[in-house]
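As the structure is a prediction and not an experimental result, all values here were calculated from the model.
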Amino acid sequence: VPTFKCPQKNDAFTVNDTSKGNGALTYPVGLITADEILAAGSGRLSIPNSKYYLYRGPGYCWWSHSANGSINGYASIFIVNNNGSLTSAGVNYTGVGTAPVINLSAKYVKTLKGTGTTTDPYQA
């Protein structure tokens with residue numbers, strides 16, 4: 001079940017705010033999660049989708065921050081594949097980039113509108 005809430009305060013990474021998060025970050029930079037990729041419009045796991053903003057065309061894959069298991073003895077994580085699908089790859093896989101993410105407060109998540117495509121992006 002996708003979620004945008006951190007169940008534990010120590011997992012809610014923030015820069016200075018220790019009331020809502022852990023205040024542990026110096027630089028507020030992170031990788032996108034599998035849940036955020038799905039919410040961005042990728043659709044279901046392993047289903048190609050070229051109609052949302054994370055799709056960059058053949059040859060472009062993006063790492064996520066979400067672990068998936070192991071493949072041939074290597075840890076694997078979810079990626080946006082070059083066909084736009086959410087899939088997984090071993091951490092030894094090369095040629096994968098990163099995608100930026102903007103995190104919204106949980107109170108805004110329910111108000112998102114749009115389909116996550118380049119012509120109808122998600123909006124608050």
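Nearest heavy atoms, C61 versus N81: SG-OD1, 3.7 Å. Scanning all heavy atoms of the two residues, the minimum distance from E36 to T33 falls at OE1-N, 2.8 Å. The minimum heavy-atom distance linking A89 with W63 is given by the pair O-CZ3, 4.4 Å. Across all non-hydrogen atoms, the minimal contact from W62 to V96 is C-CG1, 3.5 Å. Considering all non-hydrogen atoms of both residues, G84 and Y52 come closest at O-OH, 2.8 Å.
Connection of V91 to I79 is established within a shared hydrophobic cluster, with ILVMFWY side chains joined at heavy-atom distances below 4.5 Å, either directly or through further cluster members. Under a hydrophobic-cluster definition in which Ile, Leu, Val, Met, Phe, Trp and Tyr are linked whenever side-chain heavy atoms come within less than 4.5 Å, directly or via other members, Y74 and Y93 are assigned to different clusters. The cluster map of Ile, Leu, Val, Met, Phe, Trp and Tyr, joined by side-chain heavy atoms under 4.5 Å apart, puts I32 and L45 in the same cluster.
A search for side-chain hydrogen bond (donor to acceptor under 3.5 Å, both in side chains) contacts involving S76 returns nothing, not counting sequence neighbours. Partners of T94 according to the side-chain hydrogen bond (donor to acceptor under 3.5 Å, both in side chains) rule, which considers only residues two or more places apart in sequence or in another chain, do not exist here. Residues that satisfy the side-chain contact (heavy atoms from CB on, under 4.5 Å) test with A34, not counting sequence neighbours, are S66, F78, L86.
No hydrogens or angles considered: a donor-acceptor pair under 3.5 Å links the side chains of S85 and N83.
Side-chain atoms of T14 and N22, non-hydrogen and from C-beta on, do get closer than 4.5 Å to each other.
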Output, in order, the C-alpha distance, side-chain angles, deciding distance and verdict of side chain to side chain contact (heavy atoms under 4.5 Å, CB included) for Y60 and N82.
CA-CA 5 Å; Y60 294 94; N82 60 11; 5.6 Å; no

I would like to know whether L31 and S64 meet side chain to side chain contact (heavy atoms under 4.5 Å, CB included); could you show each step before the answer?
CA-CA 6 Å; L31 294 175; S64 84; 5.9 Å; no

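Atom OG1 of T87 is separated from atom CD1 of I77 by 11.5 Å, given to the nearest 0.5 angstrom.
The backbone N or O of T18 lies less than 3.5 Å from a partner atom in the side chain of K9, making a donor-acceptor pair.
Within a 6.0 Å radius of CG in N10, more than 12 heavy atoms belonging to other residues, nucleotides or ligands are found.
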